[in-house]
Amino acid sequence: MELTNLQAQRLTKLQRLRDGGVDPFPARSRRTHTIAVVLDSFEQLSEAATRLTLAGRIVGARRIMGKLAFAHITDGTERIQLWMSLADAGEALFARFRDDIDTFDIIEVDGLLRRTKKGEPSLFVQDLRVLAKTLNPPPEKWEGLQDVEERLRQRYLDLTVNEDRRQIFRMRAQAITAMRHFLDQRGFVEVETPVLQPIYGGAAARPFTTHHHQLDQTLYMRIASELYLKRLIVGGFDAVYEIGKNFRNEGVDRSHNTEFTVMECYQAYADYHDMMQLVEQMFRAISQAVIGETRVLYQGQPIDFGVDWPRMPLVQAIEERTGIDILALPDLTSLMQAIGAAGLQVEPKPTWGKQVDELFSTYVQPMLVQPTFIIDYPVELSPLAKRKPDVPALTERFEGFIAGLELANAFTELNDPLDQEQRFLEQGRAYDSGDDEAHQMDTDFLNALMYGMPPTGGLGVGIDRLVMILTDQSTIREVILFPHLRTRDT
RNA sequence: GGGCCGGUAGCUCAGCGGUAGAGCACCUGACUUUUAAUCAGAGGGUCGAGGGUUCGAUCCCCUCCCGGCUCACCA
């Protein structure tokens with residue numbers, strides 16, 4: 001490893017510690033208190049003159065003034081000031097702190113709690129040990145680490161320097177905990193289904209392909225949990241959910257990461273209306289748990305989870321925004337003519353369903369700021385959803401939108417194996433005609449349906465996007481600890 | 001994938017044909033109540049990579065690598 005000047009300087013200090021009989025990486029800490037606890041009961045602890053041991057990373061600059069020194073340490077709970085005097089600490093200890101300890105080193109300090117003259121709660125250091133010597137220098141103390149690429153590639157460094165980013169990931173954990181709690185309380189059973197699948201399905205997407213050597217078998221990384229979870233409904237679990245990663249071999253942007261976390265849940269004897277209520281209640285509960293209220297500010301816009309979400313039929317939403325009644329234009333040719341006649345600027349798509357989706361994405365979705373359910377999607381776009389009994393061209397499906405982002409997707413699940421087979425066959429024709437996101441025929445899934453699946457409501461929620469809303473982040477990679485980046489050559 | 005912008009010291013950034021700069025950090029010295037400590041001094045760079053133009057390239061041109069924004073695709 002080639003060292004920079006600053007790394008070499010620190011290595012010299014490390015060697016000097018070793019030469020002085022000090023292990024720069026001891027196995028254990030003797031910490032007695034966290035900094036948060038110490039600050040909480042500072043007055044009692046300082047009056048009692050309790051000698052205690054704190055541990056943490058030196059952050060900010062050390063301020064060394066000849067015979068007196070100050071620094072701050074943080075242990076992940078809080079930060080506290082240390083101060084040390086040459087007279088009390090002794091020449092050897094003071095010199096070690098001055099000469100061999102650097103900003104960012106992780107140390108352990110013994111001493112008494114006292115306020116300084118300026119009134120800051122501090123630890124008056126009587127002894128000090130290195131817990132981990134650092135070889136890399138910290139970023140600039142005031143500007144910190146700004147470069148987006150470096151922040152993402154060295155997320156560990158980003159997290160040490162930028163406390164607010166750690167907070168985002170704490171909130172993410174709280175959101176997932178709250179979601180689990182919500183579902184557990186309602187009798188859902190958490191399950192795990194395969195990530196490596198011989199047949200992929202449950203969404204319109206291109207998969208990652210991999211290979212099992214011993215079995216000499218092609219496997220796909222899952223694009224959705226859907227088809228396995230519905231097998232479990234057939235199997236007699238009346239309510240199941242899974243929280244896990246999906247993988248889609250598609251583009252990356254501010255709202256898409258290659259791998260992303262989804263909660264999918266299925267409830268027997270429920271329909272998509274029930275799932276809408278579930279979403280409303282769940283988002284309310286999660287918001288309450290994570291930020292303490294049901295209103296959040298997202299990118300300057302207030303979002304209110306305290307009220308029920310409007311239900312807007314897709315057909316009506318498109319007509320209101322574009323004047324086009326898609327049901328009256330049931331084939332691609334007439335739809336394209338109407339789009340042309342209306343002077344709408346949209347990308348031409350290969351199928352009627354995709355063209356409808358395009359109209360929606362362009363003219364409706366960006367307007368959906370407050371939580372909104374768009375309901376009743378064309379059957380072409382929803383090969384796993386049950387048809388509306390009175391309008392067989394549409395399905396009982398909804399998607400939930402907030403701030404223009406799709407957060408939820410749900411339907412009354414198709415449980416008719418004969419209709420499902422026809423849908424798979426139609427998907428196969430779409431694939432053959434160039435739609436590389438079309439579903440594969442899954443005969444085992446059909447076999448499961450032939451044993452009977454009760455009427456079932458199913459729901460998927462994008463966890464990353466939910467966390468974006470709750471933490472007011474404009475890009476998905478800020479709520480994913482290690483978002484995927486191209487590897488660096490040099 | 002297209003368009004636009006960027007990559008210069010550990011970090012944050014100037015410079016844009018004529019010997020490579022600042023702030024912070026680091027190092028040396030002074031300093032017993034600092035809070036982005038202060039004062040004085042010193043060191044630190046294959047200017048993303050490769051090619052080209054030029055007497056001379058961090059700077060202009062070409063190719064490539066890595067990012068950001070944006071459009072397209074997808075959740």
Side-chain angles (χ1 to χ4, degrees), chain A residues 2-10 12-13 59-72 79 81-89 94 98-99 102-104 114-120 122 124 134-154 157 161 202-207 223-224 246-262 264 345-349 354 357-358 361-362 365 399-401 404-409 435-437 460-466 468 474-477 485-490:
Chain A
E2 204 168 321
L3 297 181
T4 64
N5 296 333
L6 295 179
Q7 288 170 326
Q9 274 175 11
R10 285 177 174 236
T12 301
K13 294 179 177 185
V59 290
R62 295 169 307 140
R63 300 175 291 282
I64 296 170
M65 283 158 289
K67 295 174 181 164
L68 195 67
F70 297 88
H72 283 84
R79 72 165 50 192
Q81 180 168 262
L82 309 178
W83 61 296
M84 185 189 285
S85 79
L86 177 66
D88 287 281
F94 197 87
R98 183 188 56 214
D99 299 333
D102 288 299
T103 300
F104 244 49
R114 285 186 203 165
R115 283 184 192 275
T116 58
K117 260 183 195 165
K118 298 278 172 64
E120 180 166 345
S122 305
F124 186 66
T134 53
L135 292 175
N136 281 334
E140 211 267 349
K141 66 178 177 184
W142 203 239
E143 299 291 338
L145 187 67
Q146 298 292 335
D147 186 88
V148 173
E149 183 175 355
E150 289 311 318
R151 281 184 34 238
L152 299 180
R153 287 191 192 278
Q154 302 187 64
L157 182 59
V161 175
R206 292 166 61 191
I223 57 173
N246 289 346
F247 306 84
R248 298 191 185 171
N249 209 337
E250 287 161 355
V252 169
D253 64 23
R254 70 170 56 199
S255 62
H256 298 82
N257 194 56
T258 302
E259 55 182 279
F260 59 105
T261 304
V262 170
E264 282 193 42
Q345 300 297 316
V346 291
E347 194 84 3
K349 295 291 161 184
K354 297 232 167 214
D357 202 33
E358 177 68 14
S361 310
T362 307
Q365 185 171 339
E399 293 188 317
F401 294 88
L405 289 173
E406 182 197 329
L407 271 88
N409 181 23
D435 179 2
D436 53 12
E437 294 170 349
V461 172
I463 304 272
D464 310 287
R465 290 179 179 177
L466 174 58
M468 282 171 70
S474 62
T475 70
I476 197 168
R477 60 168 189 238
L485 293 177
R486 219 179 285 266
T487 48
R488 209 150 36 180
D489 275 351
T490 46

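Here is how names work: the chains are called A, B, and so on, in the same order as the sequence lines, proteins then strands, and each is numbered from 1.
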Using Watson-Crick or G-U wobble geometry with both distances under 3.5 Å, which nucleotide pairs with B/C69? B/G3

For A/D435, which residues count as a salt bridge (Lys or Arg N to Asp or Glu O under 4.0 Å) partner, sequence neighbours excluded? A/K354

B/G1 to B/U8 separation - C1' atoms, rounded to the nearest Å: 30 Å

Give a yes/no on whether any side-chain N or O of A/R62 is located under 4.0 angstrom from OP1 or OP2 of B/A25. no

When rounded to the nearest Å, what value does the distance between C1' atoms of B/G67 and B/A49 take? 15 Å

Contact class for A/D99 (heavy atom, under 4.0 Å): base, sugar-phosphate, or nothing? nothing

Select base, sugar-phosphate, or nothing to describe what A/E399 touches, counting heavy atoms under 4.0 Å on all strands. nothing

What's the gap between B/C5 and B/G48 when it is taken at their C1' atoms, as a whole Å value? 16 Å

Determine the minimum heavy-atom distance between A/Q81 and A/T116, stating which atoms define it. NE2-CG2, 3.4 Å

Both A/R248 and A/V148 contact RNA chain B. Which one's nearest nucleotide lies toward the 5' end? A/V148

Say whether, by atom type as modelled, one donor and one acceptor occur between the side chain of A/N249 and the main chain of A/R206 under 3.5 angstrom. no

Scan every strand shown for a Watson-Crick or G-U wobble partner of B/C64, both distances under 3.5 Å, and answer none if you come up empty. B/G48

If we take the P atom in both B/C59 and B/G52, what is their distance in whole Å? 14 Å

Please classify the nucleic acid contact of A/L485 as base, sugar-phosphate, or nothing, using heavy-atom distances under 4.0 Å. sugar-phosphate

As a test of reading the structure: which of B/C74, B/U35, B/U33 is closest to the side chain of A/K117, going by heavy atoms? B/U33

What is the minimum heavy-atom distance between A/I476 and A/S255, and which atoms define it? CD1-O, 3.7 Å

Looking at B/G68, I'd like to know if its phosphate oxygens (OP1 or OP2) sit under 4.0 Å from a side-chain N or O belonging to A/R477. yes

Any strand is fair game: report the nucleotide pairing with B/C24 by Watson-Crick or G-U wobble, both distances under 3.5 Å, or none. B/G10

Given B/U33, B/C73, B/A75, which nucleotide is nearest the side-chain atoms of A/D253? B/C73

Who is the Watson-Crick or G-U wobble partner of B/C55, with both distances under 3.5 Å? B/G18

Show me the protein contacts with nucleotides 8-15 of chain B, counting only N or O atoms at under 3.5 Å.
{"unit_1": "B/C11", "atom_1": "O2'", "unit_2": "A/E140", "atom_2": "N", "d": "3.1"}
{"unit_1": "B/C11", "atom_1": "O2'", "unit_2": "A/G144", "atom_2": "O", "d": "2.8"}
{"unit_1": "B/U12", "atom_1": "OP1", "unit_2": "A/Q146", "atom_2": "N", "d": "3.0"}
{"unit_1": "B/U12", "atom_1": "OP1", "unit_2": "A/D147", "atom_2": "N", "d": "2.9"}

Contact class for A/A61 vs. all strands (heavy atom < 4.0 Å): base, sugar-phosphate, or nothing? sugar-phosphate

B/A22 versus B/A9 - spacing of their P atoms, nearest Å: 14 Å

OP1 or OP2 of B/U33 versus the side-chain N and O atoms of A/R63: is any pair under 4.0 Å? no

Touch check for A/R153, heavy atoms < 4.0 angstrom, all strands: base, sugar-phosphate only, or nothing? sugar-phosphate

Establish, with yes or no, whether the OP1 or OP2 oxygen of B/A75 is under 4.0 angstrom from a side-chain nitrogen or oxygen of A/R254. no

Could you let me know what B/G29 is paired to, Watson-Crick or G-U wobble, both distances under 3.5 Å, or none if it's on its own? B/C39

Say whether, by atom type as modelled, one donor and one acceptor occur between the side chain of A/Q365 and the main chain of A/G404 under 3.5 angstrom. yes

How would you label the contact of A/A204 with the nucleic acid (heavy atoms, under 4.0 Å): base, sugar-phosphate, or nothing? sugar-phosphate

Measuring only the C1' atom in each nucleotide, how far is B/A20 from B/U58? A whole number of Å is fine. 8 Å

Under 4.0 Å between a side-chain N or O of A/K13 and OP1 or OP2 of B/C27? yes

Has A/Q154 got a side-chain atom pairing as donor or acceptor with A/L157's backbone, closer than 3.5 angstrom? no

From B/A37, B/C27, B/G68, nucleotide with atom closest to A/D102 side chain: B/C27

Which atom pair, heavy atoms only, marks the closest approach of A/R248 to A/I223? NH2-O, 2.6 Å

Not counting sequence neighbours, list each pair that qualifies as a salt bridge (Lys or Arg N to Asp or Glu O under 4.0 Å) and has a residue in residues 249-262 of chain A. A/K245-A/E259

Taking only the side-chain heavy atoms of A/T116 (C-beta and beyond), determine which of B/U35, B/C66, B/A75 contains the nearest atom. B/U35

Listed nucleotide nearest any side-chain atom of A/H256, set B/A36, B/U32, B/A75: B/A75

Any sub-3.5 Å donor-acceptor pair from A/R62's side-chain atoms to A/A71's backbone N or O? no

Interatomic distance, A/W142 CH2 vs B/A36 P [rounded to whole Å]: 6 Å

